Participant: 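Sharing a structure, written as C-alpha cells. Questions coming.
Chain letters run A, B, ... following the sequence lines, proteins first, then strands; residues in each count from 1. Hydrogens, waters and symmetry mates play no part in the numbers below; they use all other heavy atoms, side chains included. Here the structure is a predicted model, which means the values were calculated and not measured.
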4 protein chains.
Amino acid sequence: MATAGLADNPTEEESMVTAKDVAELLATHPGPSEVDRETLARCIAECFDCARSCTACADADLAEEEVAEMRRCIRLCLDCADICDAAGRVVSRQTHFEPETSRAQVESCRRSCSACAEECERHARHHEHCRICADTCRRCEEACASLLDAIG
Amino acid sequence: MATAGLADNPTEEESMVTAKDVAELLATHPGPSEVDRETLARCIAECFDCARSCTACADADLAEEEVAEMRRCIRLCLDCADICDAAGRVVSRQTHFEPETSRAQVESCRRSCSACAEECERHARHHEHCRICADTCRRCEEACASLLDAIG
Amino acid sequence: MATAGLADNPTEEESMVTAKDVAELLATHPGPSEVDRETLARCIAECFDCARSCTACADADLAEEEVAEMRRCIRLCLDCADICDAAGRVVSRQTHFEPETSRAQVESCRRSCSACAEECERHARHHEHCRICADTCRRCEEACASLLDAIG
Amino acid sequence: MATAGLADNPTEEESMVTAKDVAELLATHPGPSEVDRETLARCIAECFDCARSCTACADADLAEEEVAEMRRCIRLCLDCADICDAAGRVVSRQTHFEPETSRAQVESCRRSCSACAEECERHARHHEHCRICADTCRRCEEACASLLDAIG
C-alpha cells in the first residue's frame, strides 16, 4: 500500500498512482528506450496531469469576476496545456527514441511549467484552482528536470 | 483508504484516484455547469488517461515485429488519442458550458473508444499493451456514455 | 492561375490554394481511401485553418477591453480549435480509413464550427478578428458537411 | 499577383498565401506583441502546415509495403506534428506574449523539423510523400530560426 501515507495530499497521491500505471504500460513495450523507466513514467504522468489541470485553470480563470486581471494566467495556462500535451506524447514514444528532440521538448515543458506555476502562485490565495494548478505545474517542472538528467 | 480494495486492478484504481482529484479541481470553479460533478470528473479523467494509453499503444505496436499486421491498431489508436484529447479539453471547460457541442464531441469519443477497444482486444492475447489499452478504452467509452446520459 | 480572380477575398483564396496542396499530398498515399479526394482535401485544409483562426481569435478576445463580454466567444473558440485539430488529423489518415469514427468526429467539427461562427458573428461588427474567424468557421462547417455527404 | 511566379512550387506558393492571411488576422489583435508581424505570421503558417504534412506522411509511411523500414520516419513525423501544433498555438498568442516560453517551444520545433526533414529526405526518392514532407519541415525549420532571431 504505497499510497496509504499520502491521504492528506490527494493530487500527489494521484500522481504516484498514475506514474505506477504508466510504468506498467511502458514495461510492455517490445523495444523500450534506455531511459530509466520510473523517471520516464513519472514525467509522462505529470505532463498529462498538467495539461488537464492547466486546461481547467484557464477555464476557471475565465469565469472569475476580475477576468481582466487573469489574462496573463489564462495565456500561460493555455500555453502550458499545449506544451505539456506535446511533451507527454513525445516522451511516451519509445520506438527509435530520439534524445535530441525529446530533450528540447522536455526543456520547453520545464520552462513553461515554471512560468505558469509562478503566475498561478500569485493568485493562489484568492483562487483555489490556481493553487492546485501551481502545485501540478511545480510537480511537472520537477519531473521534467529529472527526465532531462536521466536523458543526459 | 478508498483505494485499498482495488490493488488487483491498478489501472482502475488509478482511474478512481484521478477522478477524485479532477472532481476536487472542478469544485473550485466559480461558475460550474449543472452537469453532475462526479460523472463529469470521471469522463475528464478517463479521456486524458485514454489519450495517454492510446499514444503509448500506437508506439508499442509500431515496434512489434509484425508491424504490418498492426496497421489498423496503430491508426485507430492515433485517432483515439486525438479525439480523447479534444473531448477531455472540451468537457473540462465549465464556463458557458455548451451541451450541443460537448455532446457531439463526447459521442465521437465514445465511438472512437469503442472501435479502438475492439481492435486492441483482437491483439490482447499477444500484446499486453493492447490488453491494457483495450481496458482503458472500454472505461473511457463507459465514462462517455454516462456523461451523455447526464448531459441529457 | 486559378487563384487570380479571388484577390478580393484573401482567406478564401488561401483556402483554395491550401486545399490544392493537400490534395497533391493525398495523391501520394500508397493506399488511399475511396472518399473523393478534392472533398477530403478541402475538409483537411479547412480544419487546420480553422484551428489556427480560432486559436488566434480566442487570444484576441482575451485582450479586448470588454473581455468579460467575450467569455462565451473565448470558450467556443478554444473548443473549436481543439475539435478542428482532432478532426483534421483523423481525416488526414487514409490507412484503414474508418467511416464510422471519421463521421462522428467530422459531425462534431461541423457543429462546433457552426456554434463558434454564430457567436463570432455577434461580435463581427466590433471586432475584425471575430469577422474573419466567423468566415473561417463557416467555410469549415461547409467543408465538413460536404465530407459527411461524401462519406455517406 | 505576388503568387503568380511560383506556379512551379505549389507548396511554397501556398505557404506564402497562408502567411499573408495569418498576418491579416494578427493585424486585428487589440494588443499585439512587438515581434515583427511578417516573421511571426510566416512561422505560424509553417507550424500548422508542418503539423498537417507530418500527420499525413506518418499515415502514408504506415501504408507502405516496407513499413518496418519506415518506423523511425513514422515516429519522427508523429513527434513533429505534435511539437509543431503546440508551437503554432503558442506563437499565435499575442496577449502577454512571453519571450521565454515562446523561445523554448520554437527552438524545440526547429530541432524537431530538422530531425524529421533529415529522415524524410532519406526516403524522398522512393516516397513522394516523404519528399513533400521534408520540404515542408525545412520551410518550418527556417521560419522557426527566423522567429528566434526576431524574438532575440
Participant: Tell me, for Ala27(C) versus chain D, whether the close heavy atoms (under 4.5 Å) come from the side chain, the backbone, both or neither.
Facilitator: neither
Participant: Check this for me, if you would: do Arg138(D) and Glu142(D) make a salt bridge, where the nitrogen-to-carboxylate-oxygen distance has to be below 4.0 angstrom?
Facilitator: no
Participant: If you tally heavy-atom pairs under 4.5 Å against chain C, which of Val22(D), Thr55(D), Thr18(D) wins?
Facilitator: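 Of the candidates given, the most pairs with chain C belong to Thr18(D).
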Participant: Determine yes or no for a side-chain-to-main-chain donor-acceptor pair under 3.5 angstrom, with Ser92(D) supplying the side chain and Gly88(D) the backbone.
Facilitator: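 Answer holds: yes.
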Participant: Less than 4.0 angstrom from a charged side-chain N to a carboxylate O is my criterion; do Arg72(C) and Asp61(C) meet it?
Facilitator: no
Participant: Which one of Glu64(D), Glu65(D), His96(D) has the most heavy-atom pairs closer than 4.5 Å to chain C?
Facilitator: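 Ranked by contacts with chain C, first place is Glu64(D).
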Participant: Asp85(C) versus chain D, heavy atoms under 4.5 Å apart: side chain, backbone, both or neither?
Facilitator: side chain
Participant: For chain D, which of His127(C), Glu128(C), Gln94(C), Arg93(C) has the most heavy-atom pairs under 4.5 Å?
Facilitator: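 Of the candidates given, the most pairs with chain D belong to Arg93(C).
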Participant: Under 4.0 Å between a Lys/Arg side-chain N and an Asp/Glu carboxylate O for Lys20(C) and Glu24(C)?
Facilitator: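 The answer is no: the pair does not qualify as a salt bridge.
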Participant: Return the CZ to CG distance between Arg71(D) and Leu62(D), rounded to the nearest 0.5 Å.
Facilitator: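 So the CZ of Arg71(D) and the CG of Leu62(D) are separated by 11.0 Å.
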